[in-house]
Trainee: 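Input: one structure, supplied below.
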Amino acid sequence: MEQSDRPIALIDCNNFYVSCERLFDVSLRGVPIIVLSNNDGCAVARSEEAKQFIKMGDPVFKIRDLIKRHGVVALSSNYTLYGDVSRRVTEVLHSYSPRLETYSIDESFVDLSGFGDRMEAHAARMRDAVRTETGIPTCVGIAPTKTLAKLANYAAKKNPLFSGVCNLMDQDVRDYVMRRIPIGEIWGVGSATEAKLKAQGINSAAELRDLPLALGRKIGTVVLERLVAELRGIPCIDFEDVPPQRKGMAVTRSAGTPMTTFDVLAQAITAHATRAAEKLRQHGLVAGTMTVFYHTNPHKPDRPRHSFSRSIRLRPMSNHTFDLVDAAVAAARRGWKGDPSGNGYGYTKAGIILDDLLAEADQPAMLFPPDRPRDARLTDALDAINDRFGKKTMVLAREGVSRTWATKADHRSPRYTTRISELPVIQL
DNA sequence: TCTGGGGTCCTAGGACCC
DNA sequence: TCTGGGGTCCTAGGACCC
């Protein structure tokens, strides 16, 4: 297989969630900031200042001292804001290349073929435009494969010499950089693969690149073999400027208080199934398979543990709230192991996963389709009311109103809330 | 002395990503 | 006390079939 000479750019926003927060609050600039996950459970984004002493994914309760000592501002996440800023960034990028793949909320691959010698200048202009028009700082990596573009982007972020744009189309520059990048930083090398490779004495991106393909497959799977090829400049991961049909979707939540009665669990399952059906309808999809699961806290191995998961075929395929809720609660009941004596299990997480998704219009015709105009009108009314008056204006009675299962953010003790909000803020 | 072989489909679980 | 949520892809192994 041949090395590619077609340049792919990866443009990645710096500390995206943090940068979004700083757009609207100048007092956050220059101070260490972290953004917390949904439940205020762990740090999912860090400013440069915070990266010095807080690791990605650190649980908040373990870093509370560090937060206090360094005057870190800890913010709950605001996904609506990040989604909107992301859309604006993508809009700007689109004016710089017709061929673009939005890879995640803060990264896009851009096809730079046809720019010749001007590709670096073009990338720099693109970066300036995003900065000027949205306020978000970015870095760009350019290389012949996606994996190398990711690597280039990493170098652009780490080494100020690149001034935000690292071009690895040149073999010598690429080799220089790859000899200095540890394998753990490579896109597709997680902790398990990192450990296996290190055991074989492979520590740098350059060493992994030089691994024989067959050995790559032996140590890992075909995935690692492809990764080695990508590091050699042979593209194995397609450029997807048309987003493929999504295969599944999920609604899962941790419970603020462990769920010890079936009633409470059923309320949570009802809420998640309701939301899952809403998501399906929003995307114009129906699902053919639904999986219900719930489990106790896996971080507490000394307590009674139980994990339940069951998949159900939905026939006909459906996006009706009632179909999903009924099936989900019935399935959940079959796995229930709680007992009223007080020795029951405390379930800390529950969720609904939908698979075999299909556009509503492509649904196979049934010989005897169920006649349910009433259900359809009901869900239409439900969506209309919740659209107009806000989420959860109308819910199934079964979901209940106590929401004892809801996440900590909704059910946090007053003191805890106070402590988070009283974290010191340094004003410039 | 000694239980067929080969194909497909499905699912659970692992690994990885942001 | 307190550890996110939502995705994708791959593989091994069981069920089933002829």
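In the text below, chain A, chain B and the rest are named by the order of the sequence lines, each starting its count at 1.
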Trainee: Before accepting this row, confirm whether a basic side-chain N of the pair A:R125/A:D128 lies closer than 4.0 Å to the acidic partner's carboxylate O.
Mentor: no
Trainee: Rounded to whole Å, how long is the line connecting atom CD1 of A:I237 with atom P of B:dC18?
Mentor: 11 Å
Trainee: Check this for me, if you would: do A:K157 and A:D12 make a salt bridge, where the nitrogen-to-carboxylate-oxygen distance has to be below 4.0 angstrom?
Mentor: yes
Trainee: Of A:L75, A:I105, A:N78, which meets side-chain contact (heavy atoms from CB on, under 4.5 Å) against A:Y17?
Mentor: A:I105
Trainee: With the threshold set at 4.0 Å, does a side-chain nitrogen-carboxylate oxygen contact exist between A:E49 and A:R22?
Mentor: yes
Trainee: Defining pairs by Watson-Crick or G-U wobble geometry with both distances under 3.5 Å, how would you list the stems of DNA chain B with at least three pairs each?
Mentor: B:5-18 with C:5-18
Trainee: Can you spot which of A:K247, A:R315, A:R313 makes a salt bridge (Lys or Arg N to Asp or Glu O under 4.0 Å) with A:D356?
Mentor: A:R313
Trainee: Salt bridge check: are A:R281 and A:E278 linked by an N-O gap of less than 4.0 Å?
Mentor: no
Trainee: Whole-Å distance between B:dC17 C1' and A:D106 CG?
Mentor: 12 Å
Trainee: What is the separation between atom CG on A:D302 and atom C1' on C:dT1, rounded to the nearest whole Å?
Mentor: 14 Å
Trainee: Any side-chain N or O of A:K279 less than 4.0 Å from the OP1 or OP2 oxygen of C:dG7?
Mentor: yes
Trainee: With heavy atoms under 4.0 Å as the rule, sort A:I63 into base, sugar-phosphate or nothing.
Mentor: nothing
Trainee: What I want to check is whether the side chains of A:T291 and A:S311 have a donor and an acceptor closer together than 3.5 Å.
Mentor: yes
Trainee: Looking at B:dC18, C:dG6, C:dG5, which one has an atom nearest to any side-chain atom of A:R246?
Mentor: C:dG6
Trainee: Indicate whether OP1 or OP2 belonging to C:dG6 is found under 4.0 Å from a side-chain N or O atom of A:T252.
Mentor: yes
Trainee: What contact category does A:G248 fall into here, base, sugar-phosphate, or nothing, at under 4.0 angstrom with non-hydrogen atoms?
Mentor: sugar-phosphate
Trainee: Provide, to the nearest angstrom, the distance between the OH atom belonging to A:Y82 and the P atom belonging to C:dG6.
Mentor: 16 Å
Trainee: Out of C:dC2, C:dG5, B:dC18, which has the shortest distance to the side chain of A:K150?
Mentor: B:dC18
Trainee: Report the nucleotide, chosen from C:dT3, C:dC2, B:dC18, that has the shortest atom-to-atom distance to any side-chain atom of A:R64.
Mentor: C:dC2
Trainee: How far, in whole Å, is C:dC17 from B:dG4 if one measures between their C1' atoms?
Mentor: 14 Å
Trainee: For A:R226, which contact category applies under a 4.0 Å heavy-atom criterion: base, sugar-phosphate, or nothing?
Mentor: sugar-phosphate
Trainee: Go through C:dG7, C:dG4, C:dT3 for me and flag the one nearest to the A:A250 side chain.
Mentor: C:dG7
Trainee: All N/O contacts under 3.5 Å from nucleotides 8-15 of chain B to the protein, with atom names and distances to one decimal?
Mentor:
from: B:dT11; atom 1: OP1; to: A:R313; atom 2: NH2; distance (Å): 3.0

Trainee: So, are A:E194 and A:K198 salt-bridged, with charged N and O less than 4.0 Å apart?
Mentor: yes
Trainee: Once you round it to whole Å, what is the distance between P of C:dT3 and CZ of A:F61?
Mentor: 6 Å
Trainee: If you assign A:V251 and A:V223 each to the DNA chain C nucleotide with the nearest heavy atom, which residue ends up on the more 5' nucleotide?
Mentor: A:V251
Trainee: Figure out the CG/P separation between A:L10 and B:dC17, and round it to whole Å.
Mentor: 14 Å
Trainee: I want to confirm an ordering. Mapping A:N297 and A:V222 to their closest nucleotides on DNA chain C, which one lands closer to the 5' end?
Mentor: A:N297
Trainee: Over how many whole Å does the gap from A:K146 atom NZ to B:dC18 atom C1' extend?
Mentor: 14 Å
Trainee: Which residues pass the side chain to side chain donor-acceptor pair (under 3.5 Å) test with A:Q52, not counting sequence neighbours?
Mentor: none
Trainee: Measure up the A:W336 and A:Y347 rings against each other and bin them: parallel (under 30°), tilted (30 to 60°), perpendicular (over 60°).
Mentor: tilted
Trainee: Over how many whole Å does the gap from A:E101 atom CD to B:dC18 atom C1' extend?
Mentor: 13 Å
Trainee: Under 4.0 Å between a side-chain N or O of A:K300 and OP1 or OP2 of C:dT1?
Mentor: no
